[in-house]
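Notes follow once the structure below has been shown.
One-based numbering along the sequence shown. Both counts, for ligands and for their atoms, begin at 1 and track the order of listing. Not measured: the values here are computed from a predicted model.
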Amino acid sequence: MDAPVKKKKLGLKDRYAAMTRGLHWDTTYQPMDKVFPYDKYEGIKIHDWDKWEDPFRLTMDAYWKYQGEKDKKLYAVIDSFAQNNGQLGVSDARYINALKLFIQGVTPLEYYAHRGFQHVGRQFTGAGARVAAQMQAIDELRHFQTETHAISHYNKYFNGMHSSNHWFDNMWYLSVPKSFFEDAFTGGPFEFLTAVSFSFEYVLTNLLFVPFMSGAAHNGDISTVTFGFSAQSDESRHMTLGIECIKFMLEQDPANVPIVQRWIDKWFWRGYRLLTLVAMMQDYMLPKRVMSWKEAWEMYAESNGGALFKDLARYGIREPKGWKDACEGKDHISHQAWATFYQYSHAAAFHTWIPSEDEMKWLSERYPDTFDRYYRSRFDHWSKEQKKEGRWFNQVLPMLCQVCTVPMLFTEPGDPTQIAYRESTYLGMKYHFCSNHCQEIFDYEPRKYVQSWLPVHQIYQGNCYPDDINPASPGDSPVREVLRYYGVNGGEDNGDFSTSQDKSNFSKWRGKDAPEGASDE
Ligand code: FE
Ligand code: ZN
């Protein structure tokens, strides 16, 4: 008599292996190198993909279940926030401008991250790395969606959010985050992971998310806090992928060390430049402050990052080249950036303002060595001008850095009174840079960076006018026509906060005058 065959149940570890690496096969009709052309051309040598430690340790079915639960909770909070008119509970309407910056500049990066991880998930020969990249790709798509859904509620009531995806592709300050990610996903798969998973997610992500999310919490925005937490809970997996990828490359072959070091130098600096926008948001755009950019830098970069690079020293990795300059910049970049946006907010899709007396006091306390000495007098001057002559906007477009695409607003290391300019010549053309580090990135791969889409150049070349405008004679106000091309509603999305619809609507809805600091007194 035949005994019934009992199906053996796999243990957790075997089941996991069967459902991840077990799905891999070597191709036979075509050689593996032809099917996976990208995982060798960067020069990274991998001898044994089996040494890759899976950072996520999740099977796909467990992943869906887990993420589904999180989404249910998140959407319950977002719904009740909307039903209770939660937007009226924020500290004051200036806070909304931090959300505008987020939906314009950060949320589209989630979608870019999604695309990038899909791409590298296809390109690695190792199944472990492919599975990890695929899961992160889905995470990032979810982040794009939940952020868009959460912030869409604010879009019903406030200006500056209605065309965020279009702006991301066109507006001058959004070329900074856009070019960062386009640079990353036009690199090879190992460079992409070093850029996004390691330099960004592992080293710098706390400096992006913590200021926005604790800023939201302090300013009464539970909706943003909730999507922030929902996204951050994926972050531990993403950070693990970042550190695993770095260690894997370094352990596989000593010839990988200099390649990885150059990527770390490059991507630390590009990430740091991108964070200028966050530094400004943190020090100037939150009516209720959490901590200064300088304090955040000291906590998340200097102490955490310092320990990390000590740990990586055993592989022959040193701290990124731009590290010391970035640490010096903690005293300056938020003030320099806000001063720039103040001058150009007629051409931006969010509002700026002069900080109130109380806020300036806070800034001098947090920046005892620099704020009063270098920056306060600018705001005092503009404030006086505003009362006398009306709000002043700079009509001359600035020179941009060819690599980070930030306007030339950063100063020389060691001398905060001198704007830093660098230039290189390539094939008879001159290119400009904000720093030694951006210049060095260019000089290593000039053929890549001569292609940078520089918003100011594009405007002056006549590529940013609506179809009904002749670029050779755009009329009496070229800037107005450029704004029309951008889809920015002049007088609504842009300009000073004190005269904005956002401000007057918000005080009407709340039935009282805007709080201290938000006024044009
Ligand atoms: Fe994300
Ligand atoms: Zn630069």
Side-chain angles (χ1 to χ4, degrees), residues 67 70-71 74 102-103 105-118 133 135-148 150 172-173 175-177 179-181 183-185 195-197 200-202 204-206 208-210 212-213 224 227-239 241-242 265-277 321-322 325-326 329 333 336-337 340 398-413 419-424 431-444 449 452 454-456:
Q67 298 296 71
K70 276 201 312 207
D71 262 19
L74 170 62
F102 196 90
I103 191 77
V106 180
T107 302
L109 295 185
E110 306 276 16
Y111 189 70
Y112 267 22
H114 162 70
R115 286 173 59 191
F117 280 102
Q118 289 289 43
M135 270 181 209
Q136 182 160 353
I138 303 167
D139 288 337
E140 303 297 0
L141 185 59
R142 193 179 77 89
H143 297 172
F144 178 84
Q145 291 168 337
T146 54
E147 289 165 19
T148 302
W172 56 279
Y173 55 98
S175 71
V176 176
S179 77
F180 173 94
F181 247 96
D183 190 355
F185 70 48
V196 178
S197 299
F200 204 73
E201 303 264 22
Y202 197 84
L204 298 170
T205 196
N206 282 326
L208 172 71
F209 262 81
V210 175
F212 269 108
M213 298 316 145
T224 297
F227 80 61
F229 275 132
S230 180
Q232 276 303 82
S233 62
D234 298 332
E235 217 53 46
S236 52
R237 279 186 284 117
H238 301 175
M239 291 172 78
L241 175 56
D265 290 344
K266 167 180 172 182
W267 287 102
F268 167 77
W269 189 254
R270 291 226 59 184
Y272 166 68
R273 276 296 186 242
L274 172 57
L275 289 176
T276 304
L277 292 169
K321 257 189 198 165
D325 289 342
I333 60 169
Q336 295 170 347
T340 304
M399 181 188 276
L400 306 177
C401 172
Q402 187 76 21
V403 171
C404 66
T405 84
V406 178
M408 299 297 222
L409 60 89
F410 300 109
T411 48
E412 286 291 352
I419 299 274
Y421 292 98
R422 300 289 180 274
E423 61 176 58
S424 293
Y431 298 91
H432 303 95
F433 313 97
C434 70
S435 56
N436 294 339
H437 309 293
C438 278
Q439 182 176 32
E440 207 168 300
I441 292 169
F442 176 92
D443 287 346
Y444 188 79
Y449 297 100
S452 290
L454 297 175
V456 169

Seminar exercise, completed: Per residue E140, nearest N, O or S atom to the Fe ion (ligand 1) is named OE1
For this session: Looking at E110, pick out the N, O or S atom nearest to the Fe ion (ligand 1) and give its name.
Result: OE1
Seminar exercise, completed: The SG(C404)-the Zn ion (ligand 2)-SG(C401) angle, to 10°, is 110°
For this session: Drop me the distance from Y111's OH to L141's CG, to the nearest 0.5 angstrom.
Result: 7.0 Å
For this session: Assess R115 against F181: is NZ or CZ under 6.0 Å from the centre of the six-membered ring, and within 45 degrees of the ring's axis?
Result: no
For this session: Looking only at N, O or S atoms, find the one in H143 nearest to the Fe ion (ligand 1) and name it.
Result: ND1
For this session: Dump the intermediate steps for ring-ring contact (aromatic ring centres under 6.0 Å, His included) on Y449 and F433, then the final yes or no.
Result: CA-CA 11 Å; Y449 297 100; F433 313 97; 9.0 Å; no
Problem set entry | Given Q145, R142, H143, the one that forms side-chain hydrogen bond (donor to acceptor under 3.5 Å, both in side chains) with E110 | H143
Exercise. Quick one: does D234's side chain get under 4.5 Å of K70's, heavy atoms only?
Worked result: yes
For this session: Please note down the angle at the Zn ion (ligand 2) between SG of C438 and SG of C434, to the nearest 10°.
Result: 100°
